[in-house]
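So you know, we letter chains A, B, ... as the sequences are listed, proteins then strands, and number each from 1. Computed from a prediction, not measured in an experiment: that's the story for all the values here.
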Amino acid sequence: VATTFARRLVEALGSDVARTEPVDLAAYGYDGYKEGGNPSAAVLPRDVRDVATAVRIARECDEPIIPRGAGTGLCGGSVPVKGGLVVSFARMNRLLELDVANRRARVQPGLINLELSNAIARSGVFYAPDPSSQKISTIGGNVGTNAGGPHCLSYGTTTNHILGLQYVDWSGEVHRTALGDAGYDMTGLIVGSEGTLGLVTEIDVRLMRLPEAVRVCVAAFGDVESASEAVSAIIGAGIVPVALEIMDRLITQAVEAHYHAGFPAQAGAVLLVEIAGPLDDMDTGERLIARIARDHGAVSWRAARDAAERAVLWSARKGAAGAIGRIAPNYYIQDACVPRTKLPEVMLQVERIARDHQLQVGNVFHAGDGNLHPLMLFDRREARQVQAVIDAGSEILAACIALGGTISGEHGIGYEKRQSLSLVFSTQDLAAMARVRDVFDPMRAFNPDKIFPTGAVCGEVAASNAA
Amino acid sequence: VIASNPFALGTRLPARVEEPADAQRVATLLAQAAEAGSSVVAFGGSTLQSIGNLPRRYDIALSLRRLDRVLQYDPRDLTIGLEAGITLESVAGALAAARQFIPFDAPLPRRATVGGTLAAGWGGPRRAAYGQLRDLLIGSTVALTDGSLAAAGGMVVKNVTGYDMSKLYVGSLGTLGVIVRANFKALPQPAAQRLAIAPLGDEVRERALAALTRLTIEPTAALVVDGFFERTPRVHQEDTRLVIVFEGSEVVVDRATRDLRSVLGKSGVAETLLFDGATAAAVLQDTIDAYIEPIEDRSITYRSTGLASTVWERALTARAIVLAHEARYDFIADVRTGDAIVRVAGKTARRTADLLNEVDAQLRDALPAITVLAGDPRLRSQVDAWSAPPSTMQTLRAIKERFDPASTLAPGRFVGGI
């Protein structure tokens, strides 16, 4: 029996846009972190008008609204917790405008990250944020979580590359923001707000000019700690390459088995370095970094010969999490960040925590940013293992906070980490954030049960979860 | 008396000046002012206080100058935590010891403070190369009118932990809260810096500017300066000059200079003057100082923002409007960021006041995103500092009401009277 809500959506948008059958809805109940319940309905809008219509109907029926890109999020951010309307941007996936002279493009939120870069590559420009999920994740989803990626080390995360937005507010009204506007920076607030402030329907992105030269090098180390020491030393010497990534032996072997990319599979840890810029700087840059790496225990060093080999190395690195599927039935990937000098110390602690909980951990991470991603292997059918993963995950976050770090570098807070937010921020800090939420979303219509902790953290925050 | 008072705003003086020594005290003062119905204007070095309208009420000047410490700095992290009242020059000094820098690119760094520069939403010429200040800001603490201190972000370079509140306070002109702490990503200092100045006569201009966009090694700053002779040297008696900055390794800067000379030469540019190291930095700083430099009490300076590809056209449009009123015209067109800085001055303050209403209306008509940046307070009070409010004005107003319900903080200074 169709509910009033479902009937109204279908009436207004047609059954091609509005999905209300359980068999269809199952596709919108999960992300890379968790399986939730089915939403009450899902819509696949064709344009901003469809989005506004869906928002108005959902509000009138008092249903929460959950935006969704490709569903690759890793913190439950796009998962419906208590029914509601999932708005999938899969069909709003076009590149609308490309302005090479001013290095900007306007895109729809459902455009896949890599497709943007591929579409514009011949124009001599590129879109810098490159999360490992870039082959499937959408720019809209990336905006929601302020996604990072290996190349954010020198180029910055998504928020540094967004020039303006169009969004639909809780009442179904459409607004446009731009960085040059007089007034408060609405663009900067919305990026990284995980779909809790409105539904982004167009995105103006900043493009960068392709560098004259690129070099990708691979170094082998005895263990993760010495590779981490090398990374801290490279940054400490005032060298910021384009990317500085570490993979430990477990990850490297899984990756090699799958991709045959040529990583030294016997090494305790592999450091992947990319430098880019004027051709004249490549040799000196490589020499300098290689020397620091050797001083910190690198046993081998080699540079990729050409663009094809570089592409294989990056493809393998970005496929690391997937390759782990060969080793264990399930894995859980943690995301946290520490000051760069604390990297060796935190990696030792991760190792100890895993040992304490008898867990196998792989490490594949954006070392140059101090952004770690311990990947814990487990079997979902074993309750003890599941509990161990949860406990170890919390201990790793606590260790990062104790070292002056934070609980998410690029994946977001979502559903998963909302209770941990109060470990990083005081009641006063959270109250200021809740004020922004109050203004943008007074009815708590957008993605409730995300980011903000539940419970009586403070009046405003508690209220934000009451709806 | 008023002119010499550092806390004067237009013709108004505050009833009281507060100079708290710690962040908690700033928050307490704000709460007390809100309770008492007084209004507060935060002060750093007063270098960019000319941005925005004069506040409707002005009771308390809140100076941040005693919050002037480096709170946290391990050069190996390439991050730094600062109190808001520290001057840009002091920050540069602390970072230079480890060959690091933050490209504030703001006028008068000896006086300008970190908090003031952020609150003003300042963006200088090298932001096209190094990112905007908002992009380098990784954490902040603000004092709010309910007496609380609210932190956001942290001391890590990647962070999606809660809302990115720092973005809200950057450019808010002290109308939501008072920034008391700012954490930044620092950048490694390039080994070499070179500044080139070339005469850019009308006959070569178009070809030269087109050639610039084809350079393999991009300049970190590229400005066309017309006038501002007291700040930026004249070359070959030409009023219009191209100011280019290259930064990087020695070998790259040398190559960039050769390429530049070659393309400019082919475009018909007679000669390129070069400055290195400290001299280059000084010439760049002088040019940035010019952005807000008044001519006695008879000038007003506008900033027009927009696409880089339209900056020259906007500068010419503004020139035509100003010259038609027989006023003096100086401008800087930033061909990388799209900023156009336009200074208008009559022969006397009276003359400027007479022509200003018409010039202002025509500039606004021709250049939609235009704001007042600097100038004599009397001239500034004659016009609206802001262009038309953005489409999100209702939301901006609601944010102001939520953060500052009693309109304690610089009421009326910001766009739309918030």
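Salt bridge status for B:D339 with B:R127: present, with a side-chain N to carboxylate O gap under 4.0 Å. Electrostatic pairing of A:E97 and A:R104 does not count as a salt bridge here, judged by no charged N lying under 4.0 Å from a carboxylate O. At a threshold of 4.0 Å, the pair A:R340-B:D77 does not count as salt-bridged, since none of the basic side-chain nitrogens sits closer than that to a carboxylate oxygen. Using a cutoff of 4.0 Å between basic side-chain nitrogens and carboxylate oxygens, B:R194 and B:E247 are not scored as salt-bridged.
Only the side chain of A:M186 comes within contact range of chain B, with heavy atoms under 4.5 Å apart. Interface residue A:E212: only side-chain heavy atoms are found under 4.5 Å from chain B. Of the atoms belonging to A:F425, it is side-chain heavy atoms, and not backbone ones, that fall under 4.5 Å from chain B. With a 4.5 angstrom heavy-atom cutoff, A:H366 touches chain B only via side-chain atoms. Heavy atoms of B:R255 lying under 4.5 Å from chain A belong exclusively to its side chain. With a threshold of 4.5 angstrom between heavy atoms, A:V424 approaches chain B through side-chain atoms but not through N, CA, C or O. Contacts of A:Y155 with chain B are absent, with no heavy-atom separation under 4.5 Å from either backbone or side chain. Contact annotation for A:L179: only side-chain heavy atoms (C-beta onward) come within less than 4.5 Å of a heavy atom of chain B. When heavy atoms are compared at a cutoff of 4.5 Å, A:D335 does not approach chain B at all. Contact of B:V160 with chain A is made through backbone and side chain together, with heavy-atom distances under 4.5 Å. Within the 4.5 angstrom heavy-atom criterion, atoms from both the backbone and the side chain of B:N159 approach chain A. Using a 4.5 Å cut-off between heavy atoms, A:D369 touches chain B through backbone and side chain atoms alike. For A:I451, the part sitting under 4.5 Å from any heavy atom of chain B is the side chain, from C-beta outward, and nothing else. When heavy atoms are compared at a cutoff of 4.5 Å, A:T157 approaches chain B solely by way of its side chain, counted from C-beta outward. At a 4.5 Å heavy-atom cutoff, the contact between A:I413 and chain B is made by backbone and side-chain atoms alike. Proximity to chain A (any heavy atom under 4.5 Å) is shown, for B:L136, by neither the backbone nor the side chain. Heavy-atom distances place the side chain of B:Q132, and not its backbone, under 4.5 Å from chain A. Residue contact with chain B, scored on non-hydrogen atoms closer than 4.5 Å, involves the backbone and the side chain of A:T341 alike. Looking at A:D181, the atoms closer than 4.5 Å to chain B (heavy atoms on both sides) all sit in the side chain, from C-beta outward. Contacts between B:F403 and chain A at a heavy-atom distance below 4.5 Å involve backbone atoms as well as side-chain atoms.
B:Q189 CD: more than 12 foreign heavy atoms inside a 6.0 Å radius. Counting heavy-atom neighbours within 6.0 Å of B:K400 NZ, excluding the residue itself, gives a total above 12. Counted within 6.0 Å of CZ on B:R76, heavy atoms from surrounding residues, nucleotides or ligands total 12 or fewer; the atom is thus considered open. The environment of CD in B:Q24 is crowded: more than 12 heavy-atom neighbours from other residues, nucleotides or ligands sit within 6.0 Å.
A donor-acceptor contact closer than 3.5 angstrom links the side chains of A:S426 and A:D429. Under the 3.5 Å distance criterion, with hydrogens and angles disregarded, no donor-acceptor pair is assigned to the side chains of A:E194 and B:Y163. A donor-acceptor pair shorter than 3.5 Å cannot be found between the side chains of A:Q166 and A:H175.
Counting heavy-atom pairs closer than 4.5 Å to chain A, the top-ranked of the candidates B:V170, B:T175, B:V142, B:T141 is B:T175. Note on B:T161, B:V157, B:L149: by heavy-atom pairs under 4.5 Å with chain A, the leading option is B:T161. Among A:G404, A:P339, A:G405, the residue making the largest number of heavy-atom pairs under 4.5 Å with chain B is A:P339. Per-residue counts of heavy-atom pairs under 4.5 Å with chain B were compared for A:V436, A:T177, A:N160, A:D281; the largest is that of A:N160. Contacts with chain A were tallied for B:S309, B:A308, B:G153; B:S309 has the most, counting heavy-atom pairs under 4.5 Å. Looking only at heavy-atom pairs under 4.5 Å with chain B, the residue among A:N102, A:L197, A:V439, A:D99 that has the most is A:N102. Heavy-atom pairs under 4.5 Å with chain A were tallied for B:G154, B:G162, B:G171, B:A369; the largest tally goes to B:G162. With chain A as the partner, the residue from B:D146, B:L173, B:T310, B:T305 showing the most heavy-atom pairs under 4.5 Å is B:D146. The most heavy-atom pairs under 4.5 Å with chain A, out of B:T371, B:D135, B:V415, come from B:D135.
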Decide side-chain contact (heavy atoms from CB on, under 4.5 Å) for B:L176 and B:L168; before the verdict, give the C-alpha distance in whole Å, the side-chain angles of both, and the deciding distance to 0.1 Å.
CA-CA 9 Å; B:L176 296 177; B:L168 182 59; 3.6 Å; yes
Mind running side-chain hydrogen bond (donor to acceptor under 3.5 Å, both in side chains) on B:D334 and B:T337 for me, showing each step along the way?
CA-CA 6 Å; B:D334 185 326; B:T337 68; 3.0 Å; yes
Please lay out, stage by stage, how A:I275 and A:V242 fare under the test side-chain contact (heavy atoms from CB on, under 4.5 Å).
CA-CA 5 Å; A:I275 53 177; A:V242 173; 5.7 Å; no
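B:L212 CG to B:R214 CZ: the interatomic distance, rounded to the nearest 0.5 Å, is 9.5 Å. Note that CG of B:D164 is 8.5 Å distant from OG of B:S140, once rounded to the nearest 0.5 Å.
For the pair A:R437 and A:F452, the cation-pi test (distance below 6.0 Å, angle within 45°) is failed.
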